[in-house]
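For reference, the structure is listed below as structure tokens.
What's counted below: heavy atoms across the whole structure, side chains too, no hydrogens, waters or symmetry copies.
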Amino acid sequence: EGAGRGCPLRGATIRPLLMMPHDNLPLVSIITPSFNQGQFIRDTIESVLSQEYPKLEYIVMDGGSTDETLDILRSYGDRLTWRSAPDQGQADAVNSGFRLAKGEILGWVNSDDTYEPGAVTAAVEHLTAHPDIAVVYGNAYYIDHHHTVIGAHPTEDFSMSRLAETCVIGQPAAFIRRHPLEAVGMLDPTLHYCMDYDLWIRLGRRYRIDRIDRFLASMRRHPHTKSFSQSDQMFREIYAIARRSFGRVPPHWRACRAYYRLVNLSWPLARWVLWPARRIVPRSVEQWLRKQLPLILDRVTTRRIGEGGVR
């Protein structure tokens, strides 16, 4: 199944890699797709450029931003490469960056997400030690507007059976070898929300994917992210991918859709009640809250819509 067990990676294990001659290290290329994310993109850029890995190429593919993004990009001079022009969406922008990049190992981090210190070195160390692995990923935090940690992506060890049920990989915490990525056709440019989930499915069916038990990235969550502000469109895309790839839509995705509708109904309820509840209630109760409360509220809101209410 392309399964990979989580491998704990301690800081000391990455030292020998950094002591190698730079010419012997693989080039890593990081791509950031961007459009009008001036309030967050500097944090993203700093998290990439502050990585200690010495052979790093960084490319920002901007879709023609009209906010302060371009001024921020110019301020970094030749420390990064950037292009700004209209594109066909996030997947198209990332694919263009992959084609422009020269690295043997590729990653992408969105313009409101960030890398953790040592993330690139940790990924390269694991890929170097395991040449049969096509993709390595770690854990990912959820953060808010102010970079405060508010949770963690539900990362799991990789298996196709679990991938059929849920996306076990937090996208910015993943690093991919170029050849497998090109062999499966890179990202599907017709997808606008779940291009990463589709890519993991296609890669997992042909190559080995492995996890390291270390936090490599942070994913920003707030009401204005595409995942929340356009959640119905996102879940239509997830359902289509699930049906095409596995022949069904598992219960997990239906529960997730209900939760996102809860967020759209009341972000404070989701942010300040459900998330903190995870820490103070028994696990069985927390699991009930996550699965049943959104479904109950979804039924209520769906009934209101059917009665002529507003979504």
Taking the side chain as every heavy atom from C-beta outward, state whether Ile150 and Tyr141 have any atom pair closer than 4.5 Å.
no
Could you report the tightest heavy-atom contact between Asp87 and Ala93, atom names first, then the distance?
OD2-CB, 3.6 Å
Could you give the distance from CG (Leu163) to CH2 (Trp200), rounded to the nearest 0.5 Å?
10.0 Å
Between Arg248 and Glu165, does any side-chain N to carboxylate O distance fall below 4.0 Å?
yes
Quick check against the 3.5 Å criterion: does Ser65 have a side-chain atom that pairs as donor or acceptor with the backbone of Asn36?
yes
Verify side chain to side chain contact (heavy atoms under 4.5 Å, CB included) between Tyr207 and Ile133, making sure each step is shown before the conclusion.
CA-CA 7 Å; Tyr207 300 98; Ile133 293 173; over 6 Å; no
Does the side chain to side chain contact (heavy atoms under 4.5 Å, CB included) test come out yes or no for Met186 and Val184, once each step is laid out?
CA-CA 6 Å; Met186 299 196 286; Val184 301; over 6 Å; no
Quick check for you: to the nearest 0.5 Å, what is the distance between Gln90 atom CD and Ser111 atom OG?
8.0 Å
Does NZ or CZ of Arg211 lie under 6.0 Å from the centre of the six-membered ring of Phe158, at an angle within 45° of the ring axis?
no
Evaluate the side-chain proximity of Val109 to Ile30: yes if any heavy-atom separation is below 4.5 Å, no if none is.
yes
Atom of Gly38, atom of Asp67 and distance for their closest heavy-atom approach:
N-OD2, 2.8 Å
Between Trp253 and Ile238 the two heavy atoms that sit nearest each other are CD2-CG2, 3.5 Å
Applying the 4.5 Å side-chain criterion to the ILVMFWY set and letting contacts propagate, would Val168 and Ile241 be lumped into a single cluster?
yes
Stepwise, does the side chain to side chain donor-acceptor pair (under 3.5 Å) test hold for Ser159 with Ser161?
CA-CA 5 Å; Ser159 74; Ser161 60; 3.1 Å; yes
Can you tell me how far the OG atom of Ser29 sits from the CD1 atom of Ile105, to the nearest 0.5 Å?
9.5 Å
Single-linkage hydrophobic cluster, 4.5 Å side-chain cutoff, Phe98 and Leu203 together
yes
Could you walk me through whether His153 and Asn139 satisfy the side chain to side chain donor-acceptor pair (under 3.5 Å) test, starting with their C-alpha distance in whole Å, then the side-chain angles of each, then the deciding distance to 0.1 Å, before giving a yes or no?
CA-CA 7 Å; His153 182 276; Asn139 305 331; over 6 Å; no
Between Asp198 and Arg244, does any NZ, NE, NH1 or NH2 come within less than 4.0 Å of an OD or OE carboxylate oxygen?
yes
Rounded to the nearest 0.5 Å, what separation is found between the CD atom of Glu104 and the OG1 atom of Thr128?
9.0 Å
Looking only at heavy atoms, which two atoms of Pro33 and Asn110 are closest? And how far apart?
CG-OD1, 3.3 Å
Less than 6.0 angstrom separating the ring centers of Phe175 and Tyr115, yes or no?
yes
Donor-acceptor under 3.5 Å (Thr121 side chain, Gly118 main chain):
no
Compare all side-chain heavy atoms of Gln88 with those of Pro189 and state whether any distance is below 4.5 angstrom.
no
Is Glu182 salt-bridged to Arg178, cutoff N-O under 4.0 Å?
yes
Please tell me if the side chains of Val124 and Val28 come closer than 4.5 Å, counting only heavy atoms from C-beta onward.
yes
Test item: Ser50 side-chain N/O and Glu46 main-chain N/O as donor-acceptor pair under 3.5 Å:
yes
Is it the case that one hydrophobic cluster holds both Leu187 and Tyr193, taking links as side-chain heavy atoms less than 4.5 Å apart, direct or via other members?
yes
Check: Glu57 side chain, Ala101 main-chain N or O, donor-acceptor pair, under 3.5 Å
no
Is the shortest heavy-atom distance from the side chain of Lys102 to the side chain of Leu27 under 4.5 Å?
yes
Rounded distance [0.5 Å steps], OH in Tyr58 versus OG1 in Thr81:
11.0 Å
Answer yes or no for Arg205 and Phe246: cation-pi contact, defined as NZ/CZ to six-membered ring centre under 6.0 Å and angle to ring axis within 45°.
yes
Report the C-alpha distance between Ser218 and Glu116 in whole Å, list the side-chain angles of each, state the deciding distance to 0.1 Å, and finish with yes or no for side chain to side chain donor-acceptor pair (under 3.5 Å).
CA-CA 7 Å; Ser218 292; Glu116 291 297 299; 3.0 Å; yes
Is Tyr137 close to Gln171 at the side-chain level, that is, under 4.5 Å between some pair of heavy atoms?
no
Do Ile176 and Leu191 belong to the same hydrophobic cluster, where Ile, Leu, Val, Met, Phe, Trp and Tyr are linked whenever their side-chain heavy atoms lie under 4.5 Å apart, directly or via other members?
yes
Identify the two heavy atoms, one from Ser75 and one from Arg42, that lie closest to each other, and give their separation to 0.1 Å.
OG-NH1, 3.8 Å
Derivation of the side chain to side chain contact (heavy atoms under 4.5 Å, CB included) call for Val135 and Asp210
CA-CA 6 Å; Val135 181; Asp210 205 4; over 6 Å; no
Would you confirm whether Gln51, through its side chain, and Val120, through its main-chain N or O, come within 3.5 Å as a donor-acceptor pair?
yes
Taking the basic N atoms (NZ, or NE/NH1/NH2) and the acidic carboxylate oxygens, is any pair closer than 4.0 Å for Arg220 and Asp43?
yes
Residue pair Arg236 / Tyr239, side-chain heavy-atom distance below 4.5 Å
no
Begin from the C-alpha positions of Arg83 and Val60 and carry the test side chain to side chain contact (heavy atoms under 4.5 Å, CB included) through to its verdict.
CA-CA 7 Å; Arg83 302 283 189 273; Val60 178; over 6 Å; no
Could you check whether any side-chain heavy atom of Ile59 comes within less than 4.5 Å of a side-chain heavy atom of Thr32, counting everything from C-beta outward?
no
When rounded to the nearest 0.5 Å, the distance separating CG of Asp92 from CE of Met195 is 10.5 Å
Which atom pair, heavy atoms only, marks the closest approach of Leu25 to Tyr53?
CB-OH, 3.4 Å
